[in-house]
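Take a look at the structure set out below.
Every chain is numbered from 1 and lettered A, B, ... according to where its sequence line falls, protein lines coming before strand lines.
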2 protein chains.
Amino acid sequence: MEEHKHDHDKETEMIAIMSRSGMRITDQRRTLARIFSDTDAFLSPKDVYDLMRDKYPGVSFDTVYRNLRMLSEMGALEQFYFMEGGLKFKGSCISHHHHHLICLNCEKTLSFEYCPMDQQLKLPGSFKIVSHRFEVYGICDECQQTGEG
Amino acid sequence: MEEHKHDHDKETEMIAIMSRSGMRITDQRRTLARIFSDTDAFLSPKDVYDLMRDKYPGVSFDTVYRNLRMLSEMGALEQFYFMEGGLKFKGSCISHHHHHLICLNCEKTLSFEYCPMDQQLKLPGSFKIVSHRFEVYGICDECQQTGEG
DNA sequence: GTTATTGCAAATGATTTGCATTGAT
DNA sequence: ATCAATGCAAATCATTTGCAATAAC
């Protein structure tokens with residue numbers, strides 16, 4: 001059930017972000033960019049570590065963590081905390097604002113354009129709105145078919 | 001900046017949930033019900049532990065954890081993972097479906113009725129929708145005034 | 001050559017578990 | 001009296017840190 005619709009633009013963009021932020025482009029980071037441009041799913045640090053080791057048997061867990069954190073901080077990755085699965089990462093879609101459908105089974109994501117904040121929400125009190133979060137969870141086509149949901 | 005709009009109904013409801021689920025009503029749990037009916041804010045396990053200790057100097061951290069987890073599982077508490085602050089809990093509002101404004105400063109919450117899923121969202125693919133999440137983050141009235149945001 | 005990045009090992013922090021004791025029913 | 005809940009200590013798991021060796025610029 002591996003995803004391999006490699007998104008070359010995303011890979012290039014990720015490396016560009018690193019460069020722009022003054023990071024050095026190491027082979028590990030190149031591999032990270034490759035991993036995240038190869039999938040739309042959320043990956044745990046362990047997932048990433050395992051994928052990295054395919055190419056770099058000697059890679060260390062802390063380097064994976066360090067890089068995941070740095071890439072998140074500079075916006076190349078999105079973080080998400082799954083109540084059951086802990087913290088996971090996916091390549092971020094910097095290009096435009098949108099929200100996600102998230103498959104509870106395979107954790108792949110599908111983005112969509114509708115944003116609730118575009119409505120005239122009348123919210124109580126007078127909060128100064130800073131950000132919002134809207135996600136829809138379910139079982140994707142594929143997982144429904146393979147009965148894995 | 002303590003909240004003390006004690007919600008007696010919520011306290012009663014929480015204890016009722018425990019009873020219904022076959023839990024024994026210990027003093028610690030009574031105190032938990034009290035703590036969560038005294039505030040609309042999210043509390044970390046450490047916050048709860050500290051509040052508990054006011055009444056029970058001898059209470060242990062693991063008991064707090066155990067009870068927070070059990071109460072979440074039986075629906076008396078809602079969990080939320082703050083990217084910066086980790087896992088926190090608040091008394092859940094079982095009565096009706098709604099979403100929250102969450103103050104990024106004091107973590108108090110304000111509920112509102114608008115739900116994006118009531119719109120005719122046209123979502124891509126054919127996900128089987130299971131659940132959703134919508135939260136608005138900002139700075140509450142109070143924190144704006146005290147300049148803490 | 002200079003400075004960031006890596007791998008290692010060790011430290012930290014959060015959460016969980018086993019077990020004898022205590023307390024609610 | 002019975003069985004679940006507690007407190008303690010130790011175990012586990014995730015994440016972070018210090019530092020010398022290494023690699024990118």
A:Asp62 CG - C:dA4 C1' separation (whole Å): 15 Å

Where chain A begins and ends its contact with DNA chain D, read 5' to 3' at 4.0 Å from heavy atoms: D:dA14 to D:dC25

Residue mapping more 5' on DNA chain C - nearest nucleotide basis, B:Phe61 or A:Tyr56: A:Tyr56

Shortest non-hydrogen contact between B:Ile15 and B:Ile25, atoms and distance: O-CD1, 4.0 Å

The single option from B:Phe82, B:Tyr81, B:Phe36 passing ring pair (Phe, Tyr, Trp, His ring centres under 6.0 Å) against B:Phe42: B:Phe82

4.5 Å side-chain heavy-atom contact, B:Arg34 and B:Met52: no

Sugar-phosphate only, base, or nothing, as touched by B:Gly58 at under 4.0 Å among non-hydrogen atoms: sugar-phosphate

Spacing of B:Phe82 atom CZ relative to C:dA14 atom P, expressed in whole Å: 16 Å

Verdict with reasoning, B:Met117 to A:Phe134, per side-chain contact (heavy atoms from CB on, under 4.5 Å): CA-CA 10 Å; B:Met117 301 308 279; A:Phe134 177 41; 3.8 Å; yes

Partners meeting ring pair (Phe, Tyr, Trp, His ring centres under 6.0 Å) with B:Tyr56 (sequence neighbours left out): none

Whichever of B:Tyr81 and B:Thr63 has its nearest DNA chain D nucleotide further upstream toward 5': B:Thr63

side-chain contact (heavy atoms from CB on, under 4.5 Å) evaluation trace for A:Gln79 with A:Lys88: CA-CA 6 Å; A:Gln79 292 182 309; A:Lys88 308 207 171 183; over 6 Å; no

Distance below 4.0 Å between A:Ser60 side-chain N/O and C:dG7 OP1 or OP2: yes

Pairing residues for B:His132 by the ring pair (Phe, Tyr, Trp, His ring centres under 6.0 Å) criterion, not counting sequence neighbours: B:His97, B:His99

Contact pattern, 5' to 3', of nucleotides 19-25 of chain C - B, S or - by protein heavy atom under 4.0 Å: ----BBS

Sugar-phosphate only, base, or nothing, as touched by A:Asn67 at under 4.0 Å among non-hydrogen atoms: sugar-phosphate

Partners passing side chain to side chain contact (heavy atoms under 4.5 Å, CB included) against A:Ser21 (at least two apart in sequence or in another chain): A:Ile17, A:Met74

Integer-rounded Å distance: C:dT15 C1' and B:Tyr65 OH: 5 Å

Heavy-atom donor-acceptor pair, B:Arg133 side chain to A:Arg133 backbone, under 3.5 Å: no

SB check A:Lys5 A:Asp40 (cutoff 4.0 Å): yes

Nucleic acid contacts - residues 83-91 of chain B versus DNA chain C, non-hydrogen atoms under 4.0 Å: B:Leu87

side-chain contact (heavy atoms from CB on, under 4.5 Å) assessment of B:Phe89 paired with B:Leu77: CA-CA 6 Å; B:Phe89 300 80; B:Leu77 294 178; 4.3 Å; yes

